[in-house]
Protein chains: 2
Amino acid sequence: MGISDRKERERQELKNRILDAARQLFLDKGVDNTSIRNIAEIIEYSPGTIYHYFKDKNDILHNLHSEGFRQLRSRMTVLEAVSDPIEHLKALGRVYVQFGLENRDMYDLMFIKDEPMEFVENEEEDCWVEGSTTFDYLKKLIQKCMAKGFFPDQELEPLSFMIWSAVHGIVSLYIRNRTKILSEEIQNSIVVDALESFNKLIDQQK
Amino acid sequence: MGISDRKERERQELKNRILDAARQLFLDKGVDNTSIRNIAEIIEYSPGTIYHYFKDKNDILHNLHSEGFRQLRSRMTVLEAVSDPIEHLKALGRVYVQFGLENRDMYDLMFIKDEPMEFVENEEEDCWVEGSTTFDYLKKLIQKCMAKGFFPDQELEPLSFMIWSAVHGIVSLYIRNRTKILSEEIQNSIVVDALESFNKLIDQQK
DNA sequence: AAATATAATTGAACAGTGTTTAAATATCCA
DNA sequence: TGGATATTTAAACACTGTTCAATTATATTT
């Protein structure tokens, strides 16, 4: 059936146009200032049409959030050349932080905003694949570090979550404007400096 | 002038009633589901009245956020009995995490939500007093730890921000539902376990 | 006590939000 | 060409934060 093939293709095309419009809008106005009507205007369809391609707004935001994870993961895989696991781990933190600094809104959507998680919750499976995959990657790396004698007397799962938390904490306090406690000069470099401070902690863990 | 005294008192009273209503509403429906009209209904005034007592909604949320800081600080000061600075620091983390677990919405308002910071930004001074005071407290404590030989080769400011970040990261990933990556059994204890994992890191820093 | 000035309160309006749905239009197949 | 199917739309619903002219209440002065 060539016709239904084409129809499916056209469907996917419009779906992508909606996502493109959404991405474009929320990159230059922010997620909170992007409405369904705004998106509809760009793709030159009525607002109602969007609901035939996405369940709701959270569905759209969840799609963009997944896109962010693909971007992040492609940055992460570059580091696979680093053979020493502990150097790998420290570099991973730098890549993660860099991603957050360069893509504030995307990071916000991926790790802070409620909407994508609300969408996940309403799915039948109710599991956060993007997060799980990325976290598993981190866990395996930390396991390698432990195998080399790092992090004695630690349990893999809490340790991994803690390391993720530490780096996320730095980025999220920055993104959500809690670095106002610092003088302006320091504010600009605090994210990177705090990460290096954490990396120093790690160096002492053998 | 007794009359203007009484008027000022009445003004303050209504201001408090507005805050009480707001607190009540957002504690059992969440901040995002609390509208000015909801608050107005509880205090039995029209929505417009609220704007004669608060600049805008952010003003109200900022007031509640300050209240949260008073609560947190009163929990923190209890620990002043702990004489060993490193034990003090570890206990402070526990108190902080406990506060977050027991007051999710309040923590969210204090350290994650944009609104209170947006209010601070529009103030003439543009400084986050609540955050600064609390951070200074942490910094002084960490300075004592350093004086005892802990955290060698670290700089006070980035180190302090990093330690705050680590603990905040744990709580905020939990509050914003990013612990879905873990099995349900682990989810319940991960926050406390991750904190203890971080405390183990600290123990190695001498 | 009456008139005026000040303060407090209101209701309606504005411009937006996400979402649903009945009706209209377009496309496809027999 | 007629009927089934899919797509698109406009309008409506029930909200949101905020502003503002008009009203009501209180206080001060004549």
Side-chain angles (χ1 to χ4, degrees), chain A residues 1-19 21-22 25-26 29-65 109 113-119 121-122, chain B residues 1-19 21-22 25-26 29-65 109 113-119 121-122:
Chain A
M1 268 288 184
I3 287 175
S4 65
D5 276 9
R6 191 211 56 196
K7 279 215 158 186
E8 182 50 39
R9 221 169 44 236
E10 283 173 353
R11 236 193 115 72
Q12 201 53 57
E13 245 167 55
L14 189 44
K15 244 191 132 166
N16 284 334
R17 281 186 58 207
I18 293 171
L19 287 176
L25 274 170
F26 100 72
K29 301 202 311 172
V31 184
D32 302 323
N33 298 314
T34 301
S35 71
I36 297 286
R37 282 175 181 82
N38 293 158
I39 299 172
E41 203 173 359
I42 288 194
I43 59 166
E44 293 173 301
Y45 277 80
S46 81
T49 302
I50 293 176
Y51 287 85
H52 287 91
Y53 294 84
F54 293 94
K55 195 181 146 285
D56 53 21
K57 199 186 178 183
N58 288 351
D59 193 358
I60 297 175
L61 296 182
H62 177 262
N63 267 275
L64 293 175
H65 132 286
L109 199 52
K113 282 218 139 47
D114 279 323
E115 287 88 339
M117 291 300 114
E118 280 165 11
F119 179 80
E121 266 162 49
N122 295 334
Chain B
M1 267 288 182
I3 286 173
S4 63
D5 276 9
R6 189 212 55 195
K7 279 215 158 187
E8 181 51 38
R9 223 170 41 237
E10 283 174 353
R11 238 193 113 72
Q12 201 52 57
E13 246 166 55
L14 189 46
K15 245 190 132 166
N16 285 333
R17 282 186 57 206
I18 293 171
L19 288 177
L25 274 169
F26 99 74
K29 301 202 309 173
V31 184
D32 302 322
N33 299 314
T34 300
S35 71
I36 297 287
R37 282 175 181 81
N38 293 159
I39 299 172
E41 203 174 359
I42 287 195
I43 60 166
E44 293 174 299
Y45 277 80
S46 81
T49 302
I50 292 177
Y51 288 84
H52 286 91
Y53 293 84
F54 293 93
K55 198 179 144 285
D56 52 21
K57 199 186 178 182
N58 288 351
D59 192 358
I60 297 175
L61 295 182
H62 177 262
N63 267 273
L64 293 176
H65 131 286
L109 199 53
K113 281 218 139 49
D114 279 323
E115 288 88 339
M117 290 301 113
E118 280 165 12
F119 179 81
E121 267 161 48
N122 295 334

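Within every chain, numbering begins at 1; the chains are lettered A, B, ... in the order of the sequence lines, protein sequences first and strands thereafter.
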To the nearest angstrom, how far is B:Glu13 atom CD from C:dT9 atom C1'? 17 Å
In whole angstroms, the gap separating C1' of C:dA8 from NE2 of B:His52 amounts to 7 Å
Taking the six-membered ring of A:Phe54 as reference, does the NZ or CZ atom of A:Lys15 fall below 6.0 Å from its centre and within a 45° cone about the axis? yes
Rounded to the nearest angstrom, tell me the gap between atom CD in A:Glu41 and atom C1' in C:dG18. 16 Å
Does the side chain of B:Tyr51 get closer than 4.0 angstrom to OP1 or OP2 of C:dT9 through an N or O atom? no
Whole-Å gap separating C1' (D:dT16) and CD (B:Glu115): 13 Å
Side chains of A:Met117 and A:Asp114, heavy atoms from C-beta outward: is any pair under 4.5 Å? no
Atom OH of A:Tyr45 and atom P of D:dT9: how far apart are they, to the nearest Å? 7 Å
Measure CG/A:Leu14 against P/D:dT7 and give the value in whole Å, please. 10 Å
Close approaches to DNA chain C from residues 31-39 of chain A, in residue order (heavy atom, under 4.0 Å): A:Thr34, A:Ser35, A:Ile36, A:Arg37, A:Asn38
Please classify the nucleic acid contact of A:Phe54 as base, sugar-phosphate, or nothing, using heavy-atom distances under 4.0 Å. nothing
A:Ile60 versus A:Ile50: any side-chain heavy-atom pair under 4.5 Å? yes
What's the CZ-P distance between A:Phe26 and C:dT17, to the nearest Å? 17 Å
Any donor-acceptor pair under 3.5 Å linking the side-chain atoms of B:Asn38 with those of B:Lys29? yes
Sub-3.5 Å donor-acceptor pair from the side chain of A:His65 to the main-chain atoms of A:His62, do we have one? yes
So, does A:Thr49 get its side chain near the phosphate of D:dT9, meaning an N or O under 4.0 Å from OP1 or OP2? yes
Does a donor on one side chain and an acceptor on the other come within less than 3.5 Å for B:Glu118 and B:Asn58? yes
Distance below 4.0 Å between B:Tyr53 side-chain N/O and C:dT9 OP1 or OP2: yes
Side chains of B:Asp32 and B:Phe26: does their closest heavy-atom pair fall under 4.5 Å? no
Taken to the nearest whole Å, CD1/A:Ile43 to P/D:dT7 is 14 Å
